[in-house]
2 protein chains.
Amino acid sequence: MSFTATEENYIKTIYQLQAHDKMVNTNSVAVTLQTSAASVTDMLKKLKLKKLLVYEKYKGFKLNQEGKKTALSIIRKHRLWETFLVNILQFKWDEVHEVAEQLEHIQSNQLINHLDDFLGNPKFDPHGDPIPDANGKMPVQEQINLTKFPMHTVGEISAVGSQSADMLALLRHKNIELGSSIIVEQIFPFDDSIEVKINNQILVNISAKLAQHLFVKQTNYESKQC
Amino acid sequence: MSFTATEENYIKTIYQLQAHDKMVNTNSVAVTLQTSAASVTDMLKKLKLKKLLVYEKYKGFKLNQEGKKTALSIIRKHRLWETFLVNILQFKWDEVHEVAEQLEHIQSNQLINHLDDFLGNPKFDPHGDPIPDANGKMPVQEQINLTKFPMHTVGEISAVGSQSADMLALLRHKNIELGSSIIVEQIFPFDDSIEVKINNQILVNISAKLAQHLFVKQTNYESKQC
DNA sequence: CTTATTTTTTAGATTTGTCTAAAATTAATT
DNA sequence: AATTAATTTTAGACAAATCTAAAAAATAAG
């Protein structure tokens, strides 16, 4: 079964909205894809016909097993291409998304599997998100990006996503190092900066950009949807 | 200015058919793209509106300067991706075309220029075809693939496109080596095999597959269209 | 130099993905 | 419970790319 780029974008969006098999509603898909609710309804009929989702009108919808499998293969492609762009072609983190959105729709299993091998079968992409394998199995995320770390939960700095001298200087100034304990206390939506407590002592403000480069390990946190 | 994948396919096809600025006719485009003459006419109107070609109905058409520039940027992308697939991802020569046809439509100058650098700014793709640079300038083709070499013309084997032991054994058996002189005497359309004279002495039959891996240098042969 | 043939273009229809506006359904609020 | 508000779906229309069949123009043949 193969899909148009548009269909794939809907599938991916629905997958991301239905974490833990929650029902998804029309409007949230419309907002995410910046389209109208009517267009979403049209596409839902089509995807139901292709047996990718469970859908009764006015009742919400969610991907079935086949739909989730399809979503995972798209996500696999997206994250492998992001890894390629950053690790091999020297793109910056914030430059890859738009291009990866195009590359993820290239249809060729041979291509994506060779790319996977060439990259050394990475388990996580440059944003720290797990890359599903060829069977759709998602690696367990031992460390996650600080921007995705839940509030009021104790974690430990496990990796930094950059080696730039400027960044290391900033971390030293904030008294953050590998192994420091960290708790997210507050998030400021205005600039996406966050306030964290380091080593159970000092409160520090971390910019969105810095947070993107910090990875946190935590124990006993439920793993992502599979 | 940006174009749909379909528009780009038409532009590329017209470019390839109008070598040396010959007028192109509707039917040849239809045959190449496996579509109807009516569809070609529709697209011609659109491309004329976008000022990419000179076209008067019933009189034929050809790309103008802007159209040729666009075609070259598509060809550049196609050939760089083919180089990537063969040199980096270990694709075979005959496996790359379909995937490159998709990849050539990805829109990102940054991507293609980084890819070019990563590949070491290659001048020729794995088929021996020249890769236009970022300004659309086509390198002069010093060596061309044996399959494209004109008949009854003296050339010299300048490169072999594979290092496989099987291939080298075959070449030795046929008494062909780097520097051997070669003249194409006959082409057999049935299996695309060719009969060549080596060192002005022996006649040898060369299969289509072997010919694809042999490159020939020649002096005083007009360069390709720019 | 007419007539026949080929090529090209137009006309009208179809599919995919989209839209707006109106109708149907569900949810929320007196 | 009845009315209002929000959400979702339908209806109808549009643009892009395609098709088939018919008309128009150019080319070839008698």
Side-chain angles (χ1 to χ4, degrees), chain A residues 1-18 22-63 67 70-71 74 98 101-102 104-107, chain B residues 1-15 17-18 22-63 67 70-71 74 101-102 104-107:
Chain A
M1 199 66 161
S2 87
F3 306 97
T4 66
T6 312
E7 287 170 337
E8 292 194 343
N9 285 332
Y10 275 95
I11 295 165
K12 198 179 62 164
T13 300
I14 296 169
Y15 181 83
Q16 280 154 358
L17 289 173
Q18 75 173 50
K22 278 189 319 220
M23 276 285 179
V24 182
N25 56 340
T26 307
N27 223 22
S28 57
V29 175
V31 169
T32 309
L33 289 176
Q34 302 196 74
T35 185
S36 68
S39 302
V40 176
T41 303
D42 289 343
M43 183 57 84
L44 290 175
K45 289 187 206 155
K46 199 159 124 191
L47 294 179
K48 184 182 184 182
L49 213 76
K50 291 197 173 188
K51 300 194 192 305
L52 293 178
L53 46 75
V54 182
Y55 167 50
E56 261 186 284
K57 57 182 184 174
Y58 292 110
K59 306 282 182 186
F61 48 90
K62 60 183 177 185
L63 296 177
T70 306
I74 302 162
E98 197 193 343
E101 286 289 303
Q102 294 182 62
E104 73 186 6
H105 302 301
I106 303 289
Q107 313 235 271
Chain B
M1 200 66 163
S2 89
F3 306 98
T4 67
T6 312
E7 287 170 337
E8 291 194 344
N9 285 334
Y10 275 95
I11 295 166
K12 199 178 63 166
T13 300
I14 296 169
Y15 180 84
L17 290 173
Q18 76 172 50
K22 278 188 320 220
M23 276 288 180
V24 182
N25 56 341
T26 307
N27 224 22
S28 56
V29 175
V31 169
T32 309
L33 289 177
Q34 302 195 76
T35 184
S36 68
S39 301
V40 176
T41 303
D42 288 344
M43 183 57 84
L44 291 175
K45 288 187 207 156
K46 198 159 117 187
L47 294 179
K48 185 182 183 182
L49 213 74
K50 292 197 172 189
K51 299 192 192 307
L52 293 179
L53 47 75
V54 182
Y55 166 52
E56 260 186 285
K57 58 182 185 172
Y58 293 110
K59 304 282 183 185
F61 48 91
K62 61 182 177 185
L63 296 176
T70 305
I74 302 163
E101 286 289 303
Q102 294 182 61
E104 73 187 6
H105 302 301
I106 302 289
Q107 314 235 271

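Since this is a predicted model, take the numbers as computed values, not measurements. So that the names make sense, note that chain A is the first sequence line, chain B the second, and so on, each numbered from 1.
- Side-chain contact between B:Met43 and B:Glu7 is present, with at least one heavy-atom pair separated by less than 4.5 Å.
- In this structure, B:Tyr55 reaches the sugar-phosphate backbone alone: every heavy-atom distance under 4.0 Å involves primed, P, OP1 or OP2 atoms, never a base.
- Mapping A:Asp42 and B:Ser28 onto DNA chain C by nearest heavy atom places B:Ser28 closer to the 5' end of the strand.
- Between the side chain of B:Glu8 and the backbone N or O of B:Ile74 there is no donor-acceptor pair closer than 3.5 Å.
- Closest contact between the side chain of B:Thr6 and the listed nucleotides D:dT8, D:dA26, D:dT18 involves D:dT18.
- Residue contacts for A:Ser36: at a heavy-atom cut-off of 4.0 Å it reaches a base atom on one of the strands shown.
- Between the CD atom of A:Glu7 and the C1' atom of C:dT16 there is a distance of 9 Å, rounded to whole Å.
- Within the 4.0 Å cut-off from OP1 or OP2 of C:dT9, at least one side-chain nitrogen or oxygen of B:Thr26 is found.
- Taking 4.0 angstrom as the limit, A:Lys59 places a side-chain polar atom (N or O) nearer than this to OP1 or OP2 of C:dT26.
- Here the options are B:Leu47, B:Thr6, B:Leu53, the test is side chain to side chain contact (heavy atoms under 4.5 Å, CB included), and the partner is B:Ile11; only B:Leu47 passes.
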**Request:** Check the pair A:Lys50 / A:Phe3 against side-chain contact (heavy atoms from CB on, under 4.5 Å), numbers first and verdict last.
**Result:** CA-CA 10 Å; A:Lys50 291 197 173 188; A:Phe3 306 97; 4.0 Å; yes
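- Taking atom CZ on B:Phe3 and atom C1' on D:dA16, their separation rounds to 16 Å, with Å as the unit.
- Minimum atom distance to the side chain of A:Ala37 is reached by D:dT9, of the listed D:dT9, D:dT10, C:dT10.
- Rounding to whole angstrom units, CG of residue A:Leu47 and C1' of C:dT16 are separated by 13 Å.
- Using a 4.0 Å heavy-atom cutoff across all strands shown, A:Asn25 reaches sugar-phosphate atoms only and no base atom.
- When the P atom of C:dT18 is taken as reference, atom CG of A:Asn9 falls 9 Å away, rounded to whole Å.
- A:Glu56 has its CD atom 21 Å from the P atom of D:dT7, to the nearest Å.
- Taking a 6.0 Å sphere around CD of B:Gln107, one finds it holds more than 12 heavy atoms contributed by other residues, nucleotides or ligands.
- Side-chain contact between A:Val29 and A:Phe61 is present, with heavy atoms from C-beta onward closer than 4.5 Å.
- Between B:Lys57 and D:dA26 there is no side-chain polar atom (N or O) within less than 4.0 angstrom of OP1 or OP2.
- Between C:dA11, D:dA26, D:dT10, one nucleotide has an atom nearer to the side chain of B:Tyr58 than all others, and that is D:dA26.
- Atom C1' of nucleotide D:dT9 and atom CZ of A:Phe61 are separated by 12 Å, given to the nearest angstrom.
- Side-chain nitrogen and oxygen atoms of B:Lys45 include at least one within less than 4.0 Å of the OP1 or OP2 phosphate oxygen of C:dT10.
- The CG-C1' distance, from B:Leu44 to C:dT9, rounds to 11 Å in whole Å.
- In this structure, the nucleotide among C:dT7, C:dT9, D:dT7 sitting nearest to the side chain of B:Thr41 is C:dT9.
- Between the P atom of D:dT9 and the CG atom of A:Asn27 lies a distance of 10 Å, rounded to the nearest Å.
- Contact between the side-chain N/O atoms of B:Tyr10 and the OP1/OP2 oxygens of D:dT18 is found at a separation under 4.0 Å.
- Comparing atom distances between the A:Thr35 side chain and each of C:dA21, C:dT18, D:dA25 picks out C:dT18 as nearest.
- Here D:dC19 is the nucleotide among D:dT8, D:dC19, D:dA11 with the atom lying nearest to any side-chain atom of B:Ser39.
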